[in-house]
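Order of the sequence lines sets the chain letters (A, B, ...), proteins ahead of strands, with each chain counted from 1.
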2 protein chains.
Amino acid sequence: MTKPKGSTAKSDRTRLAIESAARELFASYGFERTTVREIARVAGIDASMIIRYFGSKDALFALVAMPDLRLPDLGEVDRGKIGETLVRHFIEQWEGSEGGGGLPILLRSASSNDDAAKKLAEIFAAQVLPALARAGDPATAANRAGLVATQILGLALTRYVLKLPPVVAMSIEQLVDDVGATIQRYGTGER
Amino acid sequence: MTKPKGSTAKSDRTRLAIESAARELFASYGFERTTVREIARVAGIDASMIIRYFGSKDALFALVAMPDLRLPDLGEVDRGKIGETLVRHFIEQWEGSEGGGGLPILLRSASSNDDAAKKLAEIFAAQVLPALARAGDPATAANRAGLVATQILGLALTRYVLKLPPVVAMSIEQLVDDVGATIQRYGTGER
DNA sequence: TGCCTTTGTCAACGACTGTTGGCAAATAGT
DNA sequence: ACTATTTGCCAACAGTCGTTGACAAAGGCA
């Protein structure tokens with residue numbers, strides 16, 4: 001084993017440095033184009049340490065690409081402001097520090113990595129779907145969650161991954177207004 | 001030079017076989033995970049031929065990843081059916097033969113390939129933006145095109161790249177209805 | 001002090017990548 | 001039929017990838 005009994009070891013700093021570098025590079029370049037040597041360079045240690053600490057590149061990716069969307073309880077927010085609430089929640093998380101909670105990391109790699117795509121699907125099934133089940137007829141929850149996914153992931157893709165100029169240029173408030181109205185309609189099932 | 005004067009050469013069949021295999025593999029696995037050896041295997045020839053015919057892997061990709069969206073003239077369609085028209089146009093193109101006109105190819109690779117992302121931005125600026133300029137106030141065209149991009153690319157991503165189950169399960173008519181209403185609002189600027 | 005586990009570097013492995021040059025077979029032109 | 005060009009395969013290159021094992025410094029504990 002590589003792990004001692006306690007967690008007060010001096011090596012925890014290295015461990016965190018590796019995780020931090022991995023998060024940054026995976027988010028910027030995706031899984032395939034991020035090399036363990038580059039992660040090691042940013043973390044300031046040797047590439048072989050990464051294997052010893054985490055077992056493999058895949059294991060390290062699986063560890064840092066576990067997004068927790070931290071969705072609010074939609075049963076407690078104003079029925080008419082579900083869309084606005086959701087969009088603001090996502091944007092503020094993405095705009096915030098440390099890679100926006102891991103979802104951009106997954107999104108970067110999901111297009112060319114089947115495991116990442118599968119994990120993204122699980123995230124939506126496990127977090128978005130149950131949250132939306134409380135915001136309308138549970139029988140149509142999967143349908144509504146799918147529509148929400150097309151718009152939320154499309155927003156994340158164009159603004160943070162592709163960086164399409166007109167989408168990047170828009171203010172948070174405008175996005176909350178325009179996209180929020182769409183999510184409101186998709187999420188609740190209202191016409 | 002590798003190209004003779006006329007185009008009646010027997011080698012044109014090989015050229016087309018390479019392009020076809022490249023389109024298929026780039027669309028399925030993206031630029032990074034598609035190897036020239038695999039393209040050659042599918043095309044039934046040697047890998048070195050690809051370099052001789054197209055110069056490099058990048059050049060081949062640039063050639064097959066040139067989507068022409070073939071957007072209809074929005075100035076001639078019913079003002080209230082712009083969203084429906086656009087969504088149906090895109091879906092039918094994607095659902096159709098030969099990789100849906102190249103946009104999925106680009107989308108697969110754009111997440112981890114800067115050139116592909118840049119080209120995708122150009123496509124939208126050169127094709128979607130002018131088409132939408134005729135469907136509302138030209139001053140807000142960029143803004144509206146950006147919003148349309150978030151929804152259209154999000155739909156393509158979730159249905160054809162990530163293959164999220166609830167999105168895949170939806171019928172074309174339902175997508176035209178639900179997503180079409182969003183595009184209608186984004187594209188025309190109406191509330 | 002001496003010992004043993006941990007932290008780290010270094011060099012190398014086998015597998016893979018895009019790409020190149022040489023040479024056989026097929027084909028076109030005359 | 002003879003020749004020159006083109007089409008194709010093969011072997012190999014230089015580079016990079018993830019991963020492994022050996023071995024040197026460092027630190028805790030007796």
- [ ] Check step by step if side chain to side chain donor-acceptor pair (under 3.5 Å) holds for A/Asp46 and A/Ser48.
- [x] CA-CA 6 Å; A/Asp46 189 84; A/Ser48 61; 2.7 Å; yes
- [ ] Write out all pairs satisfying ring pair (Phe, Tyr, Trp, His ring centres under 6.0 Å) with one or both partners inside residues 131-179 of chain B, taking only residues at least two apart or from two chains.
- [x] B/Trp94-B/Tyr160
TODO: Only counting residues at least two apart or in another chain, list the ones meeting side chain to side chain contact (heavy atoms under 4.5 Å, CB included) with A/Ile172.
DONE: A/Ile91, A/Glu95, A/Val176
Task: Residue A/Tyr53, side-chain heavy atoms: nucleotide from D/dG8, C/dG8, C/dT19 that is nearest - done: C/dG8
Task: With sequence neighbours excluded, residues passing salt bridge (charged side-chain N to carboxylate O under 4.0 Å, His left out) with B/Asp68 - done: B/Arg70
Open item on the list: Counting primed atoms plus P, OP1 and OP2 as sugar-phosphate and everything else as base, spell out the protein contacts along nucleotides 9-16 of chain C at 4.0 Å heavy-atom distance: B, S or - for each nucleotide, 5' to 3'.
Closed with: BB-B----
TODO: Grab the CZ-C1' distance between A/Phe54 and D/dG18 for me, whole Å please.
DONE: 16 Å
- [ ] Please state how far atom CG in A/Asp58 lies from atom P in D/dT19, giving the value in whole angstrom units.
- [x] 6 Å
Output a table of nitrogen or oxygen pairs between the protein and nucleotides 24-28 of chain D separated by less than 3.5 Å.
none

Task: Interatomic distance, B/Arg13 CZ vs C/dA26 P [rounded to whole Å] - done: 16 Å
Open item on the list: Among residues at least two apart in sequence or on other chains, which ones pass side chain to side chain contact (heavy atoms under 4.5 Å, CB included) with A/Glu173?
Closed with: A/Arg88, A/Ser171
Open item on the list: Rounded to whole Å, please give me the gap between CG in B/Asp12 and C1' in D/dT6.
Closed with: 13 Å
TODO: Round to a whole Å and report the spacing from CD1 of B/Ile50 to C1' of C/dT19.
DONE: 12 Å
Task: salt bridge (charged side-chain N to carboxylate O under 4.0 Å, His left out) partners for A/Arg41, two or more places apart - done: A/Glu38
Task: Out of D/dT19, D/dG8, C/dT19, whichever nucleotide has its closest atom nearest the side chain of B/Ser56 - done: C/dT19
Open item on the list: What is the distance, to the nearest angstrom, from the CD1 atom on B/Ile51 to the P atom on D/dA14?
Closed with: 17 Å
Open item on the list: Please list all pairs meeting ring pair (Phe, Tyr, Trp, His ring centres under 6.0 Å) that have one or both residues in residues 56-83 of chain B, counting only residues at least two apart or in different chains.
Closed with: B/Phe26-B/Phe61, B/Phe31-B/Phe61
TODO: Would you kindly give the CD-to-P distance between B/Glu32 and C/dT17, to the nearest whole Å?
DONE: 13 Å
Open item on the list: Test of understanding: with salt bridge (charged side-chain N to carboxylate O under 4.0 Å, His left out), list the residues that count as partners of B/Arg185, not counting sequence neighbours.
Closed with: none
Open item on the list: In this structure, how many angstroms lie between the P atom of D/dC9 and the CZ atom of B/Arg41, rounded?
Closed with: 14 Å
- [ ] Compute whether any side-chain donor of one residue and acceptor of the other, for B/Thr150 and A/Gln151, lie under 3.5 angstrom apart.
- [x] yes
